[in-house]
Structure formats: structure tokens, C-alpha cells
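Below is one structure; the comments refer to it alone.
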Amino acid sequence: MSLWEYANPQKFMQLSRRVLPFVAAASVLCLLGGLAWGFFGTPDDYKQGSTVKIIYLHVPAAMMAINAWVMMLAASLVWLIRRHHVSALAAKAAAPVGLTFTLIALATGALWGQPMWGTWWAWDPRLTSFLILALFYLGYMALWQAVDDPDTAADLTGVLCIVGSVFALLSRYAVNFWNQGLHQGASLSLDKEENVADVFWFPLLVCIAGFVLLFLTLVLLRTRTEIRSRRLNALLARERMG
Amino acid sequence: MDLHVTDLAVARGGLTVLEGVGFSLLPGRALVLRGPNGIGKTTLLRTIAGLQPAVAGSISAGAEAIAYAAHADGLKATLTVTENLAFWAAIYGTDQVGPALEQMNLVELRDRQAANLSAGQKRRLGLARLLVTGRPVWVLDEPTVSLDLASVALFGDVMRGHLARGGSALIATHIDLGLEADVLELGPYRAQIGAGNGGAFDAAFGEDFA
Amino acid sequence: MDLHVTDLAVARGGLTVLEGVGFSLLPGRALVLRGPNGIGKTTLLRTIAGLQPAVAGSISAGAEAIAYAAHADGLKATLTVTENLAFWAAIYGTDQVGPALEQMNLVELRDRQAANLSAGQKRRLGLARLLVTGRPVWVLDEPTVSLDLASVALFGDVMRGHLARGGSALIATHIDLGLEADVLELGPYRAQIGAGNGGAFDAAFGEDFA
Amino acid sequence: MIALLIRDMRLAMRAGGGFGLGLAFFLLVAVLVPLGVGPESATLAKIAPGILWVGALLACLLSLDRLFALDFEDGSLDLLVTAPIPLEGVVAIKALAHWAVTGLPLTLVAPVLGILLNLPDAGFYWLVVSLLLGTPALSMIGAFGAALTVGLKRGGLLLSLLVLPLYVPTLIFGAEVVKRGAEGMATSTPLALLAAITAGASALLPFAAAAAIRINLR
Amino acid sequence: MIALLIRDMRLAMRAGGGFGLGLAFFLLVAVLVPLGVGPESATLAKIAPGILWVGALLACLLSLDRLFALDFEDGSLDLLVTAPIPLEGVVAIKALAHWAVTGLPLTLVAPVLGILLNLPDAGFYWLVVSLLLGTPALSMIGAFGAALTVGLKRGGLLLSLLVLPLYVPTLIFGAEVVKRGAEGMATSTPLALLAAITAGASALLPFAAAAAIRINLR
Amino acid sequence: MIPDLGKYADAVLGSYAASLGLITALVAWSLWRGARIRRTLAEVEARAAKAKEAKRNV
Ligand code: HEM
Ligand SMILES: Nc1ncnc2c1ncn2[C@@H]1O[C@H](COP(=O)(O)OP(=O)(O)OP(=O)(O)O)[C@@H](O)[C@H]1O
Ligand SMILES: Nc1ncnc2c1ncn2[C@@H]1O[C@H](COP(=O)(O)OP(=O)(O)OP(=O)(O)O)[C@@H](O)[C@H]1O
Ligand SMILES: [Mg+2]
Ligand SMILES: [Mg+2]
């Protein structure tokens, strides 16, 4: 049986119904476990004090914010090439999740920046490119919203996702170039090897796993909703015709 | 240029509206499509003109043989009659603006801006566009809307000339054009609501999975 | 509420299109305006409804007695049928949404968004608006466009009810409504092009002053 | 009248109503300016009041063309004019609804963008106060501009040209309030002038706008 | 194809075509920003490159919604799609026409606005060069956005939301060229990157835009 | 119970509150929308089945 079988909505519904509880339970376990371990069970950093505890939210959220976009890009390509409805709907379902993670990364970063750099916000390349990423998410979601016909919306957002990915990469590069040598020195680039000791590293790993699982849970859940909503709209349209 | 349509199904807004449509249109012939409002005439013509994909079935003539005229005329209000027509002539690489103006009785209006034309005159200009395309298969969606009787007769003459030159025409209309033409009633091809209606969509979303 | 129109002249785009129009409309009566496209029916009705000033002449009824229904229905696509109607009821300070829905056969559609109505259903909703205005003089511009026969009959009933309650109606239409109504042909009132046509404009700029 | 307010706000919230797009545009301007100007926080702090006000003004402006145009296109405007409520009231209510779905949200998110632009701490309070006082004038003046251009095909850009010069006093006093507030100076004079503009615009412009609509409709 | 270019430019020049409105908007932004930011010439000189680029970008953006929407509304777009020229060509030509009536005039008047904003003398040359190289990319990216939103009711503000993030790299490199030029630094790297964006966008985006139009029309 | 966070308590607690708040909101919204769509679909599905039944009986 080919993997593509699961791109059939019915197969997907059956599979996801069985898988969802386990993924959800695992994500709750990892998240609560990892965060509790990090919050209660790790010492303060000698330089950053207790703020180092923010890392357990900040880094996983930042990673997943980017990965969510990558997943949407992959799903869009699958839709545009193989026309599997589930992948289009999964991309749609993932966007708000990605946006939320981006906002978490931004918020925790800002709250961290206040004690560390003495400012909520600085136009550091990394921060700036995250802000731009948030804008891409917003535009993508707005386009889904604005188009009535679901297949048309899937096609258009797919094209936007591909073109947007290219420009997001370009922006990342441009932002790096723009702020080169003008602002923010070493205090910004906290190197993992240098700063993150094992005590911090293990709970962080658990938290990352938790965020990955949370992402999976939410995407599965929301994709199921989107599939139902597609069928609902089709039924309503038929009612109107008949 | 023959146009053969076989077992065609067309969809609008995700729902198949017509299915199993089949006919042949030979040079020198005109075919009139009939059916009540909303049955899918416009959808069918757009599919044949290549503007949207068919759900099923095949269309033999390439889109390059077809000149399509829609409900809207595609006129630019601030351009004059000649400028509007010359633009389309240039796009289609022909050079027949003068004869087209004459045949649709637009010579007197040639330097008038399209904004200052009456609805019927606008329509005449829209139909004159067909003459400058130089294409053999005309696909027309209610071509005589808002034309008065004299203009309908004028259009009939133009159409007969086109057919005599070996062209052909597929026309959706509610009124009698006074042409010798075959008629295709679309009623029998109305798609069944329910099973299989959504094409690929139904194959995926059709069953209960609540 | 009587409506007396005396020696009215109306203009569109700076040109007087109708002049010398006069008629009286008494409670319980309907008056149908007839005339070819472009003679100025819409212009006349808009003037009577108070949307534009008359060039000359007088209109006795105040605009407050008149409920006007134009070519366009003024529906909001994203509001439901009830929401659309309730809005107009609130504006006119009446509270008759329920009866209006029943009379225009819209009860089943009450929670449907206006965007999802067919053209005829939209028109029915537009006409139901008249019922919630509670106003005596209805001024209607082609009210039955895109209605099918059953709906035209329904509208005829509503209209008869309105007249029976002492209302009156002024209707521009090309078709037969099946109402007992007086008819006013507008042909004789077509404005003469030339002297005096422009009203105040001509008085100021009319003479040669080259 | 309240029915009209509710309807307009409901329409803005429904799908395609455009609620939120003004906000998004505001956010975009606040992001683009530093990208163009450069990341130095001292420079940004200096221009933040002005840029935030210009951004709010543009975001307001861009949502204006819907104000009467949609009602004009579907015929509601004709019906509203013949309805038993004064057209001046209709204009004022529609401007109020526009403010409620544009100016008010802009005011509420402005502090977040203030962070982005390094607005000095003292300025945040004054930013919100000045926007709260000034954005109603923006909506009201904009309603006048929209009334002038209703019925024109794609009047959007023309509308901008007509309205932007009218926005100048509001912009100057509004930005001045924030600038002075951020520097700890007295703000009462520009604040009073800002309030005066809003009061004057709300009192007089509905009449001008209603007249413009009547002229455009006939 | 040339016929299409001529038609689009002629339409823009005719009454109501919108030629000049983009320019006027650019001018207004350049005037409003000093009003908001304050008159200190040192500050203005510093932010001039960024503001001018942001202004050009917004002016470009606001004329975009006419690009395909007008043709869509009157049915020409359907006819163009069925005409014997590739849709990719149509898109590219229309973007070129847009540039010719928006980007090019903007480039030409930019030096005047540079004076208003106290742009340092050394910057004028680079301002013109960077706009000349960068505005074609703005038109082309904008055409892509317009293609995505063609047929949507009042897609204007949505169009902004979609297009502005795509403008970020162009804006950064463009403003950077002027900033460096004004300070007498080397400009070749950002200039080369700007040229690369323009070249890349012109080569690839017509295909994406044509695909979007086909999707929207069906 | 809560470890001593020193002078950074605000930042740390704020981060946790903001993040958990955002996540909770997203989860709640997803669940709510899921339940609502599921409910309406069931309703419409039942209605469609009834209509089909009625058609068959005619
Ligand atoms: C709004 C502000 C901020 C944003 C948007 C942001 C964004 C990011 C991003 C995108 C990453 C990379 C995650 C990855 O893929 O590995 C990251 C990692 C990190 N950030 Fe932030 N950040 C912000 C503020 C801060 C602040 C203020 C600090 C601390 C002073 C900080 C410390 C870190 C650390 C330690 C890492 C992990 C480094 C690594 O794994 O490479 N961030 N942040
Ligand atoms: N966006 C849409 N979503 C769902 N259904 C639609 C949509 N647009 C049109 N329809 C429906 O598709 C059907 C076919 O429409 P079409 O325009 O092809 O009809 P037609 O035969 O050309 O009618 P007319 O004689 O009025 O021109 C109609 O019943 C219409 O209600
Ligand atoms: N903006 C304008 N400038 C000049 N003339 C105009 C303008 N708008 C309409 N007209 C002309 O005014 C005349 C009257 O128009 P009106 O809409 O009142 O006609 P009508 O009798 O309602 O026609 P129909 O039966 O088609 O609705 C028409 O001849 C029309 O050509
Ligand atoms: Mg049709
Ligand atoms: Mg009329």
C-alpha cells in the first residue's frame, strides 16, 4: 500500500482518529514534563540568572515556527503536483499553529530582551526575520480567508506559499546584510556550545519534543476539522441546488 | 475546422452542472444551445473556450481555433471605437478593422469613445471584435442581448457571411436569431445531484466519515 | 396620501429628457409608466423619490411618504435575509419583518445569507423591504426583473393588498403585471432637443456669444 | 440609527469585510520603515511618533474607499438617502462605525508598534491618548473625502489625494503630542488643538459630506 | 504584444486612468513625513533614503489593484486569456506598462523629493540609480500579487498585505544603496543584489502570476 | 514551591504566562471550531439523508 493512500480524506480520517489520542497524550506529557523540569529542576545561569528558563519556551517555539512553514511548503507542493486534498487542507490547518509559535517566540524573546539587552525590541536580523515571517503567515491566512471556492483558495495559497518561501529566504539574507556591523554585538549571538550546558540541554530536548508533538496534534485536529468543513460546505451547496 | 465534443462534464463552484454533453460542429454550420437560466450554458462555453478545465470528456478543437465572446464585451470606456477594435486586431495579428466596422454599421461612430455609446452600440462593437479575430469557430454567449431588431438582423447577416466562408458558430441564446441552425437542448444533460456529482471531490469526500 | 405631479421636467447628465409630465395618483390606485429604453423612466422616478432636483414643475407628495425601490436591491451579501430586512425595518421604525417574510415567501430562506440567494430570491427580498417601510406611496423601477411567473403573481397579490389598504403605487415596467392600473405613456413627453432644453443652463449659456 | 451602526460594524466583521486589514497595514508600515531607514534605535526613537502617526493615517485612509462605495454599488445608498433618517446622521454614524473598526483598533495596537520603533517609555501614554483623540477626526474627514468621490470608478487613489492634505493639521498636532510627551514636555496645547479639530470635524463635516453625497447621487 | 503595451499606457494616460496619482501620492508621503517627524534637517537627512524608498513602494502598491482588476471587470481578461499570445507575456507586458507609468515617473521625480527631505548631495545619483533598478521588481512582484487577488471584491487592502512582505528584500537593498551612496561608501554589493532581484522576479514571476490568473478565472 | 527567580521573576513568569496563554487559546479555538463543525455536519448529514429517503419513497 502506497503512502499516498493516506492522502485520501477517508483513510486520513480513520488513521488520524486512531493516532490522535496518543499524539495528544504524548505532547501533553512531554510539554508539562519538560517545562516542569526546566522551570523547577534547573539552576540559574551564572550570567543570565533565572531568565535562562525562558529558553524552554523560546527555542522550541522558534524552531517550530520555521518548521511549520517548511511543512506548509511541502504540503502545498504535494497539493499542486498530486492534487491530494488532505495536503492542501493540512497546509491550511498548520498556518495558525505556525503563527502562534512565531508569536510565542517573539513574545518570549521580547520579554527576555528587556532584562538582557535593556530593550524589548531591537532590529537584530534574527528578530526582524521573525517579524517578517509573522507577516507571511498573516498574508497566507488572509488569502485563504478571502477566496470562496476551496480548490481555488488551495491553488492560490499554494502558489503564494512557494513564491513566499523564496522571498522569505531572500528577506532573511537581506536582513542579515542590512544590519551587518551596524548594531548588536556578541551579546546577541548566544552560541549553543558556549551557553547551553547539559543541565539546560536535556529538559530543552524534552520541550522541543513536546512542541513537535503539540504541532502534530494541532495539525491533525485542525485538518480533521477542515475536511469536515469541506464536506459540510459541499452538502450545503448541494442543498441549495436541489 | 471541426469541433467535436464528447461526453463532456463541466463544473461551476465545485459542482458539476452538466454531464454527458456531446455534439459535433462542422464548417459552415451553426449550433444553438438552449436551456433555462442557470443550467450551465455559460459554464459550458467557457470550458470549450479553454477558460476552465473540463471535469470529464474531451473537446477536439484546440483553443487556438476559437473566438469567444462572453456576456461582457471587454471594451475600454476611454478608448474610441477604432482604438478598441484595432487593439484586438493587433492581438490576433489580423488587419481587418475597416471591413469589421462596416459590417457592424459602426463607421459613423468610429471616433466616439466607448463610454459614450449606447448599450446596443457597445454590443455591436463587441461583436465586431469577432470579425477581426479571423478565427473559424465562434463561441458566443447570448450575443444579441440589448440589441434592437435592426441590429439583430445585421448580426444575422454577419453570421451568415461567416458560415458561408466555412466558419462555424456555437451560440447560447434565449431568442430566435433567424438563422438556419441546429438546436441542442441542454435539459437532458443536467447533472444529477448526489452520487458522483462532485467528480474527484466526491471520490474523496463523498462517504460518511462523521 | 395623494401624489400630484404637475408640468414636471427632469434632466439626466445635464440634458432634460422628459418635460411637461403631469399626473395624479390617488390612494388605492396604481399608475404604470411605459416607454422605450432610455426615455427617462428611471430619471423620472428618482426625481419623484427626491433623489435629484426637478428642472421644472412640482411634486406634491413629500419624500417622506414615498418608498422607493430601484434597479438595485440594496442587499448586503454577507447578511442573512432576516438581518437585511430587520435593518430596514429599524431604519423606518417599523416592526413587520415577520409578515413581510411571509408575504414574499421568504420564510424558508430566513437564515440564508443574501449572497447565496438566486437572482429571483434576491429580488423578492428587495420587494419585501417595501412592506417593512410602512409607507403609503410605492415608487418602483422595474420591480419584476428576473422574477419567474409564480413570483410575479405573488408580487401582484402583495400589490393588491397594499392598494386595498389605501396605499398607491407608481411603477415603471415593460411587462404586464396583471394589475388593474392606469397607464401613462411617456412618449409624448420626450423633451425637444434644442431651445430651452438645458433649463437653467441654457438661460445662462444658451445664447450665442461667440 | 443604532441599527445602521450595528449593521456597518457587523458587515466589517463578516468574511471579506476587511476588519483587520487596516491593522495589518499599520503593522507593515511600522516594519517597513525601519527596514528602509536602518536599525539604529536612537534614530528610530526620534522618528517613532511621526512614523506611527503617518502609519495610522495611511491605514485609516486605505479603508476609506469602502465607506460609501459599497453602499453605492449595491443601491443601499439611494435607499438610505430616501429613508426617514437625516443623511447627516447617516454620514456621522458611518464615520463612527469606521472609527470603531479602524481607528480604535489602531489605537489599541499602537503601543506594540511603539515597542518596535523604540518609542521612549514616556511616549506610550501620549501615543494612545493622541490617537484616541485624533483618529475620530481622521475617520470624519475621510468620510467627507469618500462622499466627494462616491460613484467614481476606482476612486481610491483620488480619494487619497483629496484627503491627505486635509489630514495635515491632525497629523501635525497628533505627532507633536507624542513627541513632546516622549520628551517629557508639556502637551496640553497640541492636545487641545487636536481635540478641537476632532470636535469641529464631527460637528461640521457631516453636513458637507451629506451635501456631497446628494450631489453625487443626482 | 506591443499593442497591449500601447493600450495599457494609453489607458493610463486618458482621463481617469490614474497616471499621476501615484506620483501625487509619493509627493504627499514625502511631505507628510517631515510634518510628522519634525523639521530637523539632520534627522531628515538620515532617514531620507529609507523614507523615499518606502514612499515609492507605497505609491507603487496603491496603483496595483487596477492592474488586472479593471480588465477582469469588463471582461477583457477572459478575452486576453483566449487570445493567441501567452498569458505569461501578457503579465510581463502589463507589469512593464505599470512600471512605465508608475515606477519610471517616480524615479524621475525622486530627486526633487530628495531636496525636500534634505538628502545629502552624494545620494541623489544613487537614489535615481537604485529606483531605476529596483522599481521594475516592485511592478513585477506587484503584478503577482494583483494576479492572486484578481476577482476578489475589494482586494485592495489584501493585496497590500500579500505584497508588502514580498517587497522587503527590494526595499532593504534599495535603501541600502542610497544610504551607502549618501555616505560615500561602496554600493556595488547591494546594487548587484537589487539587480539580481529584478532579473529574477522578471524571469520567474510572470509564470507564477499567469498560473494565478488562470486559477482565478476558472 | 516556585523557585526563587530573583530580579528576573517578571520576565520569566511573563514568558510562561504569555506562551501558555497563547497555546491554550489556540487549542481552545481549535477544539471549539472542531466541535462546532462536527455538530453542524452531523445535522446537515442527517438532513441530506432524510431528503434522499424522501426522494426514494416518492
Ligand atoms: C523578540 C525577540 C526574539 C526573537 C524573535 C528570537 C528568535 C530566535 C530564533 C529564530 C532562534 C533560533 C531557534 C533555532 O532554530 O534554533 C532563537 C534562538 C535563541 N534565542 Fe532568541 N529571539 C529573540 C530574543 C532573544 C533574547 C532576548 C535572548 C536572550 C538574551 C534570546 C536567546 C536565544 C537563545 C539562547 C537561543 C538558542 C540559540 C540556538 O539554539 O541557536 N533570544 N531565537
Ligand atoms: N460561484 C458559484 N458557486 C456555486 N454555484 C454557482 C456559482 N456561480 C454560478 N453557479 C451556479 O452554476 C449554474 C450554472 O451557471 P451558468 O452561468 O453556467 O448558467 P447559464 O446557463 O449561463 O445561465 P444564464 O442563462 O442565466 O446565463 C447556475 O445554477 C448557478 O447558480
Ligand atoms: N451620465 C449620463 N450622461 C448623459 N446622458 C445620460 C447619462 N446617463 C443616462 N443618460 C441618458 O439619459 C436618458 C434617460 O435614462 P434613464 O435611465 O432614465 O432611461 P430609462 O427610461 O429608465 O431606460 P431603461 O428602460 O433602459 O431603464 C437615456 O437616453 C440615457 O442615454
Ligand atoms: Mg449565461
Ligand atoms: Mg430605467
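This one's a predicted model, so the numbers in the text were calculated from it and none came from an experiment. A, B, ... follow the sequence lines: proteins, then strands. Residue 1 opens every chain.
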Got a list of side-chain donor-acceptor pairs under 3.5 Å for residues 161-176 of chain D, not counting sequence neighbours?
unit_1: D/Tyr167; atom_1: OH; unit_2: D/Leu138; atom_2: O; d: 2.7
unit_1: D/Glu176; atom_1: OE2; unit_2: D/Arg180; atom_2: NE; d: 3.2

Please set out all donor-acceptor pairs under 3.5 angstrom arising from side-chain atoms of residues 107-116 of chain D, sequence neighbours excluded.
unit_1: D/Thr107; atom_1: OG1; unit_2: D/Gly103; atom_2: O; d: 2.7

With chain D as the partner chain, list the residues of residues 86-100 of chain C whose heavy atoms fall under 4.5 Å from it, by residue number, and write 'none' if nothing qualifies.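 Residues in range: C/Phe87, C/Trp88, C/Ala90, C/Ile91, C/Tyr92.
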
Heavy-atom contact with chain C under 4.5 Å, split by part of D/Leu80: both

Contact part of D/Leu217 toward chain C, heavy-atom cut-off under 4.5 Å: side chain, backbone, both or neither? both

Between D/Asp74 and C/Lys122, does any side-chain N to carboxylate O distance fall below 4.0 Å? no

Please determine if C/Asp73 and C/Arg129 form a salt bridge, counting it only when a charged side-chain N lies under 4.0 Å from a carboxylate O. no

Nearest heavy atoms of D/Leu131 and D/Pro136, plus distance in Å: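 Heavy-atom minimum between the residues: O-CD, 4.1 Å.
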
Would you list the pairs meeting side chain to side chain donor-acceptor pair (under 3.5 Å) in which at least one residue belongs to residues 131-143 of chain D, sequence neighbours left out?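 Every pair satisfying side chain to side chain donor-acceptor pair (under 3.5 Å) with a residue in residues 131-143 of chain D: D/His98-D/Ser139, D/Trp99-D/Thr135.
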
Any chance you could measure D/Phe144, atom CZ, to D/Leu159, atom CG, to the nearest 0.5 Å?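 The distance works out to 11.0 Å.
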
Interface residue of largest heavy-atom contact number with chain C, from D/Ile85, D/Asp78, D/Val81, under 4.5 Å: D/Asp78

Contact winner vs chain D - C/Ala11, C/Ala69, C/Gly74, heavy-atom pairs under 4.5 Å: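 Option with the greatest count: C/Gly74.
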
